[in-house]
Amino acid sequence: MPEGPSLVLMKEALLPFEGKKVTAVSGYAKADIKRIAGHKIKDIRTWGKHLLLEFPGFFVRIHLLMFGSYRVNEEKDVNPMLRLGFARNQCINFYTCSVKILEGEANDLYDWSADVLSDDWSAEKAKTKLAAHPDMLVCDALLDQDIFSGSGNIIKNEVLFRTRIHPLSVVGKLPARQLSALIKEARNYSFDFLEWKRQYVLKQHWQIYTKKECPRCHLPVTKEYLGAGKRRTFFCEHCQQRYA
DNA sequence: TGGAATGTTGGAAC
DNA sequence: CGTTCCAACATTCC
């Protein structure tokens with residue numbers, strides 16, 4: 001489910017509820033979700049992997065983590081973390097997710113220039129942030145939500161393959177051209193991901209993620225658990241150059 | 001069949 | 001006390 005592009009699709013599915021009043025709230029989320037009742041949803045937006053439901057004076061932040069899911073106007077067999085009821089029996093259900101309520105306006109708390117899918121995305125700012133972390137591995141950089149908000153493990157793997165950069169390359173050692181390509185492709189692949197996911201054909205377009213053989217040179221793909229979070233990483237030793 | 005995983009956090013352990 | 005590690009998450013996939 002949950003890399004940035006999947007959140008954009010979720011937002012699209014929820015858009016019909018913008019401007020609608022929440023008439024009932026339930027769920028086992030620990031946050032004070034009752035206060036949502038009676039308020040109209042002012043705005044629905046995303047920041048990376050965060051879904052933001054804006055109400056007057058506060059907003060709800062939903063993160064699907066690894067296993068989260070949602071349903072519109074239907075129920076799953078498990079209890080929802082958060083259920084929002086509307087007129088005429090309409091509802092939104094969120095399952096197995098993180099729900100937080102934050103005070104004020106989302107605009108005051110989020111920097112949309114970090115969101116790889118945002119109209120406000122700034123490649124320049126990403127470059128500045130990367131320059132501030134010269135020792136960081138590129139496989140970690142592409143998972144850093146302050147630099148590439150919305151990028152996840154699939155995007156990481158595919159972007160590194162497309163740019164032919166080895167995951168253990170060091171940010172500060174990347175030649176300017178490769179650094180620019182990395183930043184550009186993080187956004188570019190995210191939009192490909194979005195459209196492929198929309199068409200239910202995402203998986204068939206994976207070039208390296210979960211693959212056994214490199215599509216370029218046909219040598220076996222290497223699979224290792226790399227980076228600070230030891231995340232699953234697929235790469236081609238032959239086609240992806242290591243800058244270290 | 002069940003181990004691993006598109007993710008993050010909170011708290012234990014050191 | 002800073003850093004690291006790991007479990008947990010009313011799950012789903014292959």
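Each chain gets a letter, A, B and so on, in the order the sequences are listed, and its residues count up from 1. Just so it is clear, the model here is predicted, and its values are computed rather than measured. Side chains are part of it too, since the values below use all heavy atoms of this structure and drop only hydrogens, waters and symmetry mates.
Taking only side-chain atoms of A:N79, from C-beta outward, the nucleotide of B:dT8, C:dA10, B:dA5 with the closest atom is C:dA10. The side chain of A:R61 sits closest to B:dT9 out of B:dT9, C:dC9, B:dA5. Of all nucleotides listed (B:dT6, B:dT8, C:dA10), C:dA10 comes nearest to the side chain of A:Y28. Relative to the side chain of A:F193, the nucleotides B:dT6, B:dT8, B:dA4 differ in distance, and B:dT6 lies closest.
If you measure from atom OH of A:Y189 to atom C1' of B:dT6, you get 10 Å, rounded to the nearest angstrom. Rounded to an integer number of Å, the gap from CE of A:M66 to C1' of C:dC9 is 11 Å. The nearest whole Å value for the distance from the NE2 atom in A:H63 to the C1' atom in B:dT9 is 10 Å. To the nearest angstrom, P of B:dT6 lies 14 Å from CD of A:Q145. Between the C1' atom of B:dA5 and the CG atom of A:N157 lies a distance of 13 Å, rounded to the nearest Å. Between A:F94 atom CZ and C:dA10 atom C1' the separation is 17 Å, expressed in whole Å. Here B:dT6 presents its P atom at 22 Å from OH of A:Y200, a figure rounded to the nearest Å. Distance NZ (A:K230) to P (C:dA7): 14 Å, rounded to an integer number of Å.
Atom P of B:dA4 sits at a distance of 12 Å from the matching atom of C:dA7, rounded to the whole Å. Comparing the P positions of C:dA10 and B:dT1 gives a spacing of 25 Å, expressed to the nearest Å.
Between atom CZ of residue A:R88 and atom CG of residue A:N73 there is a gap of 10.5 Å, rounded to the nearest 0.5 Å. With rounding to the nearest 0.5 Å, the separation of NZ in A:K156 from CG in A:D140 is 8.0 Å. Taken from OG1 in A:T23 to CD in A:Q90, the straight-line distance is 10.0 Å, to the nearest 0.5 Å. Separation of atoms CG (A:N93) and NZ (A:K76) is listed at 10.0 Å; rounding is to 0.5 Å.
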Pull out every protein N or O sitting under 3.5 Å from an N or O of nucleotides 11-13 of chain C, one pair per line with the distance.
{"unit_1": "C:dT12", "atom_1": "OP1", "unit_2": "A:K76", "atom_2": "NZ", "d": "2.3"}

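With a cut-off of 3.5 Å on both pairing distances, the Watson-Crick and G-U wobble pairs of DNA chain C assemble into stems of 3 or more at B:2-5 with C:11-14, B:7-14 with C:2-9.
With A:D192 as the fixed residue, the side chain to side chain donor-acceptor pair (under 3.5 Å) test singles out one of A:K197, A:H205, A:R162: A:R162.
Ring-plane geometry between A:W112 and A:Y110 is classed as tilted, the angle between the planes lying from 30 to 60 degrees on a 0 to 90 degree scale.
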Counting only pairs under 3.5 Å, give me each side-chain donor-acceptor contact of residues 209-217 of chain A, with atom names and distances, residues two or more places apart or in other chains.
{"unit_1": "A:Y209", "atom_1": "OH", "unit_2": "A:R232", "atom_2": "NH2", "d": "3.0"}
{"unit_1": "A:E213", "atom_1": "OE2", "unit_2": "A:H218", "atom_2": "ND1", "d": "3.0"}

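Looking only at side-chain heavy atoms (C-beta outward), A:N157 and A:Y189 stay at 4.5 Å or farther from each other.
In this structure, A:Y95 has its ring center no closer than 6.0 Å to that of A:Y70. The six-membered or imidazole ring of A:F235 lies near that of A:H166, with a centre-to-centre distance under 6.0 Å.
Within the structure, a side-chain polar atom (N or O) of A:K49 is placed less than 4.0 Å from OP1 or OP2 of B:dT8. Contact check, A:Y209 against B:dT6: a side-chain N or O comes under 4.0 Å of OP1 or OP2.
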